[in-house]
There are 2 protein chains.
Amino acid sequence: MFTAYTDAAGPLTRERVLAAAGRVAERDGLDRLSMRTLARELGVSPMAMYRHVKNKDDLLDGLLDRLLAELPLPPESDPWQARLRFMAAELRALARRHPQLFVLLLQRPAVGSDAVRTRDAVEHALREAGIGPEEAARLQRLLSTVVIGFALSEVSGRFAGLDSDREFDAAVDLLLDAVVA
Amino acid sequence: MFTAYTDAAGPLTRERVLAAAGRVAERDGLDRLSMRTLARELGVSPMAMYRHVKNKDDLLDGLLDRLLAELPLPPESDPWQARLRFMAAELRALARRHPQLFVLLLQRPAVGSDAVRTRDAVEHALREAGIGPEEAARLQRLLSTVVIGFALSEVSGRFAGLDSDREFDAAVDLLLDAVVA
DNA sequence: ACCTGAACACCGTTCAAGT
DNA sequence: ACCTGAACACCGTTCAAGT
């Protein structure tokens, strides 16, 4: 009558493991995501998952890849300012949709193809703004550090009691002004 | 002949517990700091420490307070630009001295008196730059988010292979230019 | 007053075994 | 091929007991 199965559709796959991990992380908190709680969520023994993820680090890397794959890129036809604002807003929206998973961005290097795609889009916009290649790479890192840092601060309660939309918008405005100048 | 005692000077105090915790965190990594490894470091049973820290969260809060207490403030006689650069450089030096503990700054809100002291010094400098109270508070958060975000990125390997001194200096320059403009 | 031992409910991961 | 059970070396924390 009762089984522990919460999510028993077909055989276990990497995608099913990662989807369940994302669900658990956002529902219960990233620090409550363990191989054992995840196995419980999937109605499976912990060891069954080791077919699909090498270990917990590999699981977290997979979650980070999945997260960045969700980030849309701006239309190439837009002017560079609009593209940068678009990406800042989308990164912010991503952080709001997945506040727990977003923390992974500052906790481990993102090396997947979607991470590269995102960085390239920002650098490309900065190059169009007339900025040289090295400076554009540095600005890209500055911008992403700020956006990620703000989102993480919000999640971790460092900005408790503040209007974080305003905080975020003010930061982006200041930085884009700095880029233009 | 042999004992487990590594640090057996006198009775256990909160200060001795925190000092040992900082040592373990920097030596073995923040994620390897456990109540049990810390007890081993102190040559004591884990439960002995619960006299001096309420729980592990209280231990981490104590570590964060101790970290910020180490941050020097700039001479009040200096002009505001010099004071901001001084603080950025000192925060950076603090991150280099305690890369593991520094991560705590983005992981939990800093509420101790030294945290307040530091934020006030930055805001005060910004007010002297002619910036209004709300804007100064926001800029203070932006500046600290950037500095902390960069230091954390470095520790977590997000900037692997880059000259992080250059990264940091370029970020501070750009932000201070933005403040002036 | 200060510390400890045993216990409870957890971790990640390996290894041999089951179907 | 795919999954499991038992085991190992860990966690944070409580509670009753020892000196």
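Just so it is clear: chains get the letters A, B, ... in the order the sequence lines come, proteins before strands, and each one is counted from 1. All values below come from the heavy atoms of this structure, side chains included, with hydrogens, waters and symmetry mates left out.
Not counting sequence neighbours, the partners of B/Thr145 by the side-chain contact (heavy atoms from CB on, under 4.5 Å) test are A/Phe150, A/Ser153, A/Arg158, A/Phe159. Every residue meeting the side-chain contact (heavy atoms from CB on, under 4.5 Å) condition with B/Ala69, not counting sequence neighbours, appears here in chain and number order: B/Asp114. With sequence neighbours left out, A/Arg96 forms a side-chain hydrogen bond (donor to acceptor under 3.5 Å, both in side chains) with A/Glu154. A search for side-chain hydrogen bond (donor to acceptor under 3.5 Å, both in side chains) contacts involving A/Asp173 returns A/Arg85, not counting sequence neighbours. Taking the salt bridge (Lys or Arg N to Asp or Glu O under 4.0 Å) definition, one finds that A/Glu90 meets it with nothing, sequence neighbours left out. Scored by the side-chain hydrogen bond (donor to acceptor under 3.5 Å, both in side chains) test, A/Arg14 finds A/Asp58 as partners (sequence neighbours excluded). Remark: B/Asp65 pairs with no residue by the side-chain hydrogen bond (donor to acceptor under 3.5 Å, both in side chains) rule, at least two apart or across chains.
Remark: the B/Glu76 side chain and the B/His124 side chain contain no N/O donor-acceptor pair separated by less than 3.5 Å.
In terms of phosphate contacts, A/Arg36 brings no side-chain nitrogen or oxygen within less than 4.0 Å of OP1 or OP2 of D/dC10. At the phosphate of D/dC11, OP1 or OP2 sits under 4.0 Å from a side-chain N or O atom of B/Arg40. Between A/Ser34 and the phosphate of C/dG12, there is a side-chain N or O to OP1/OP2 separation shorter than 4.0 Å.
Rounded to whole Å, the P atom of D/dA9 lies 22 Å from the corresponding atom of C/dA9.
With pairs defined as Watson-Crick or G-U wobble and both atom distances under 3.5 Å, the stems of at least three pairs that touch DNA chain D come out as C:4-8 with D:12-16, C:12-16 with D:4-8.
Distance A/Met35 CE to C/dC10 C1': 15 Å, rounded to the nearest Å. Counting to the nearest Å, the P atom of D/dC2 and the CG atom of A/Leu42 are 16 Å from each other. One atom, CG of A/Leu38, and another, C1' of C/dC11, lie 14 Å apart when rounded to the nearest Å. Remark: P of D/dC2 and CZ of A/Arg14 are 16 Å apart, rounded to the nearest angstrom. In this structure, the CE atom of B/Met49 is 12 Å from the C1' atom of C/dC3, given to the nearest Å. Taking atom CZ of residue B/Arg32 and atom P of nucleotide C/dG12, one finds them 15 Å apart after rounding to whole Å. For the pair B/Leu12 CG and C/dT4 C1', the interatomic distance rounds to 13 Å; values are reported in whole Å.
Residue pairs meeting the side chain to side chain donor-acceptor pair (under 3.5 Å) criterion with at least one partner in residues 125-134 of chain B, sequence neighbours excluded, are B/Arg83-B/Glu128. For residues 46-57 of chain A, the set of pairs meeting the side chain to side chain donor-acceptor pair (under 3.5 Å) definition, not counting sequence neighbours, comprises A/Asp57-A/Arg108.
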Completion exercise
Protein heavy-atom contacts under 4.0 Å, written 5' to 3' over nucleotides 14-19 of chain D as B (base), S (sugar-phosphate only) or - (none), form the string BB----
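For the salt bridge (charged side-chain N to carboxylate O under 4.0 Å, His left out) criterion with A/Glu41, the lone passing option out of A/Arg27, A/Arg36, A/Arg32 is A/Arg27.
Of the candidates C/dC3, D/dG12, D/dT4, C/dC3 carries the atom nearest the B/Arg51 side chain, counting heavy atoms from C-beta on. Of the candidate nucleotides D/dC3, C/dT4, D/dC11, C/dT4 has the atom nearest to the side chain of B/Val44.
For the segment residues 55-64 of chain B, the set of residues with a heavy atom within less than 4.0 Å of an atom of DNA chain C is empty.
Annotation: side chain of B/Leu175 is in contact with side chain of B/Leu143 (closest heavy-atom distance under 4.5 Å).
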